[in-house]
Amino acid sequence: MTMLRAIGLMSGTSLDGVDVALIETDGHDVRVVQSHNGYLEPLGPTGYRGYSDEDRDLLRRALADSEAVIAREDRPGCLPEAEAFVTAAHAEAVESFLADNGLTPADIDVIGFHGQTVVHRPDQRMSVQIGDGAALSRRLGIPVVSDLRHADIAAGGQGAPLVPVFHQALARASGFEGALGILNIGGVANATLIASNGDVIAFDTGPGNALIDDWMRERTGRPLDDGGRTAARGRPDEPLLAWLLIHPFFARRPPKSLDRNWFSHKLAGQLSTEDGAATLTAFTARAVARALDHAPEIPARWIVAGGGARNGELVRLLNYHLRAEITTADAIGWSSAYLEAQAFAHLAVRSLKGLPITFPSTTGVREALTGGVLAQPDD
């Protein structure tokens, strides 16, 4: 099949900025090259447009205002302002990316635009990602596929995680054999478990970086725990951890997904800065370990991506609790930082071709479904 050049855009629940990634894919396979360390890696440049403190403040206010959303079209409070900002920020990110890489809009077949999640309530059949795909397409002069979760949610699925079909493609291209776990730690953490026979299940495991980031911002003014150094100096509160881990979410069988706001860093409010960071970091790691309760085959190897892959203390705890080989995506030639953006490029092409992007074993939808809304520049 013909390979298309697709750009994927991702602005996650960590509220750090816009990730941009270009890949070549036919919707089934991704074009890869042999890297210097012998692994295969996706071919394509990446870019980033960071959010300022003012940008993040606007998005946090939008998250608070989104609590009043009843229907997916609702935009109470500052949500209209935030939606306009998200659209403009993504446009700026793509324009800079194209200029930096000597590309023009004519060089790109499609853009996969995730938008910014402000509401995720699958039990109410609602997930809202702000950002105007049609306006983005008109400004950039490139077809845009957006609203990738809605079809699944409307059909009774969880609407998340969406990246497993891309994880499968990467694992296939890299020649991995045996049971494999792929863990993406953004604001929320999600796992894709690939069995030896190729069967896949996927689900959110629990909080990722969101609680740790919120904790550090409140206690220190810094946006994250750089390398996990603050957590490494503290001691986790074991009674609090035990209480957190009896939440019904962790016992629920997958597929399942988690809203960023289901848990709060304020639960550790009585602890010191170091002990609170240690507790919330341990919470993320132990929630991932609980995922093994639902694994049909225990992975012998895990590949960790997302911002959490840069948190040395979190990776250390994962290594301890999972009792398996832990490798970061970067170490095998994949991209820890841009894996989700690459995934949305792949999903956009699958959407263009009417291929399924969600499945019963990943979101709980009754049958495999395609999804996404296509906007053309002249619409």
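Heads up: numbering here begins at 1 and tracks the sequence.
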Does a donor on one side chain sit under 3.5 Å from an acceptor on the other, for Q342 and S335? no
Do you know which two heavy atoms are closest between A93 and V20, and how far apart they sit? CB-CG2, 3.8 Å
What is the distance from atom CD1 of I326 to atom CD1 of I303, rounded to the nearest 0.5 Å? 10.0 Å
H120 side chain to Q158 backbone, donor-acceptor under 3.5 Å: yes
Taking every heavy atom of A375 against every heavy atom of A134, the minimum-distance pair comes out as CB-CA, 3.6 Å
Would you call R49 and D55 a salt bridge, taking side-chain N to carboxylate O under 4.0 Å as the test? yes
ILVMFWY network linking L15 to M216, side-chain heavy atoms under 4.5 angstrom: no
From Q168 atom CD to H346 atom NE2, the distance as rounded to the nearest 0.5 Å: 9.0 Å
Without swapping roles, check the side chain of S351 against the backbone of L347 for a donor-acceptor pair under 3.5 Å. no
Nearest 0.5 Å, what's the CG-OH distance between L58 and Y51? 10.0 Å
Check: N311 side chain, G308 main-chain N or O, donor-acceptor pair, under 3.5 Å: no
Using salt bridge (charged side-chain N to carboxylate O under 4.0 Å, His left out) as the criterion, list what pairs up with D107, not counting sequence neighbours. none
Evaluate the side chain to side chain contact (heavy atoms under 4.5 Å, CB included) criterion for residues V145 and V373: first the C-alpha distance (whole Å), next the side-chain angles of each, then the deciding distance (0.1 Å), finally the verdict. CA-CA 5 Å; V145 173; V373 175; over 6 Å; no
Spell out, as yes or no, whether a donor-acceptor pair under 3.5 Å connects the side chain of S336 to the backbone of A309. no
Kindly say whether T358 contributes a backbone atom to a donor-acceptor pair with the side chain of T363 at under 3.5 angstrom? no
Would you please indicate yes or no on a ring centroid separation below 6.0 angstrom for F344 and F166? no
Hey, is E83 close enough to R75 for a salt bridge, meaning N to O under 4.0 Å? yes
If two hydrophobic side chains count as joined below 4.5 Å and joins carry through other members, does V119 share a cluster with F85? yes
For the backbone of G186 and the side chain of N209, can you confirm whether one donor and one acceptor N or O come within less than 3.5 Å of each other? yes
Is a side-chain N or O of R350 found less than 3.5 angstrom from the main chain of P356, in a donor-acceptor match? yes
Please indicate whether E367 has more than 12 foreign heavy atoms, meaning atoms of other residues, nucleotides or ligands, lying under 6.0 Å from its CD. no
From SG (C78) to CZ (R60), nearest 0.5 Å: 11.5 Å
Check R286 with E238, please: is the shortest side-chain N to carboxylate O separation under 4.0 Å? yes
Determine the minimum heavy-atom distance between A171 and I194, stating which atoms define it. CB-CD1, 4.0 Å
CG/N101 to CD1/I7 distance, rounded to the nearest 0.5 angstrom? 8.5 Å
Taking all non-hydrogen atoms of both residues into account, name the closest pair between L63 and T117 and its distance. CD2-O, 3.7 Å
Donor-acceptor list for residues 239-252 side chains, cut-off 3.5 Å, not counting sequence neighbours:
residue, atom, partner, partner atom, Å
H247, ND1, F249, N, 3.0

Does any N or O in the side chain of R301 come within less than 3.5 Å of the main-chain N or O of G181, such that one atom is a donor and the other an acceptor? no
Donor-acceptor pair, distance only, cut-off 3.5 Å: does the side chain of D204 make one with the backbone of S257? no
Is V144 close to L374 at the side-chain level, that is, under 4.5 Å between some pair of heavy atoms? no
State, with a plain yes or no, whether a side-chain heavy atom of F176 is found less than 4.5 Å away from one of I332. yes
Do L292 and L318 land in one hydrophobic cluster if side-chain heavy atoms of ILVMFWY residues count as linked below 4.5 Å? yes
List for me each residue that meets salt bridge (charged side-chain N to carboxylate O under 4.0 Å, His left out) alongside E54, sequence neighbours excluded, and say none if there are none. none
Do W262 and V188 touch side chain to side chain, with heavy atoms closer than 4.5 Å? no
Going by atom types alone, do T230 and D225 pair a side-chain donor with an acceptor below 3.5 Å? yes
All pairs passing side chain to side chain donor-acceptor pair (under 3.5 Å) where residues 132-143 contributes a residue, at least two apart: E95-R139
Mind checking salt bridge (charged side-chain N to carboxylate O under 4.0 Å, His left out) for D199 and listing every partner two or more places apart, or none if nothing turns up? none
Main chain of R5, side chain of D109: is a donor-acceptor contact present, judged purely on distance under 3.5 Å? yes
From CG (N190) to CZ (F203), nearest 0.5 Å: 9.5 Å
For a quick test of reading the model, state the closest non-hydrogen atom pair linking T362 to P161 and the distance between them. O-CD, 3.5 Å
So that I can tick it off, tell me whether D53 and R217 are bridged by a salt bridge, with the cut-off set at under 4.0 angstrom between side-chain N and carboxylate O. no
Are L140 and L4 grouped together when hydrophobic residues (ILVMFWY) are joined by side-chain heavy atoms under 4.5 angstrom apart? no
If you define the side chain from C-beta out and look only at heavy atoms, does anything of V118 sit under 4.5 Å from V69? no
If the threshold is 4.0 Å, N to carboxylate O, is there a salt bridge linking D57 and R61? yes
Criterion salt bridge (charged side-chain N to carboxylate O under 4.0 Å, His left out) on D226 and R222, from CA distance to verdict: CA-CA 9 Å; D226 189 13; R222 299 194 300 271; over 6 Å; no
Among the clusters formed by ILVMFWY side chains lying less than 4.5 Å apart, do I23 and Y338 turn up in the same one? no
Can you confirm whether W302 sits close enough to E325 that some side-chain heavy atom of one is under 4.5 Å from a side-chain heavy atom of the other? no
Do R31 and T25 have side-chain heavy atoms sitting under 4.5 Å apart? no
Should L59 and V86 count as side-chain neighbours, where that means a heavy-atom distance under 4.5 Å? yes
Would you say the side-chain atoms of S11 and Q116 include a donor-acceptor pair closer than 3.5 Å? yes
Any heavy-atom pair between the side chains of L9 and I111 that's under 4.5 Å? yes
Evaluation steps, salt bridge (charged side-chain N to carboxylate O under 4.0 Å, His left out), between R290 and D293: CA-CA 6 Å; R290 287 288 303 272; D293 295 346; 3.0 Å; yes
Side-chain donor-acceptor contact under 3.5 Å, R72 with H150: yes
Verdict with supporting geometry, H265 and E218, side-chain hydrogen bond (donor to acceptor under 3.5 Å, both in side chains): CA-CA 9 Å; H265 68 288; E218 181 175 290; 3.0 Å; yes
Evaluate the criterion side chain to side chain contact (heavy atoms under 4.5 Å, CB included) for residue pair T46 and D19; output intermediate values, then yes/no. CA-CA 8 Å; T46 57; D19 297 329; over 6 Å; no
With sequence neighbours excluded, residues passing salt bridge (charged side-chain N to carboxylate O under 4.0 Å, His left out) with E274: none
Minimum heavy-atom separation for H28 and R172, please, with both atom names. O-NH2, 2.8 Å
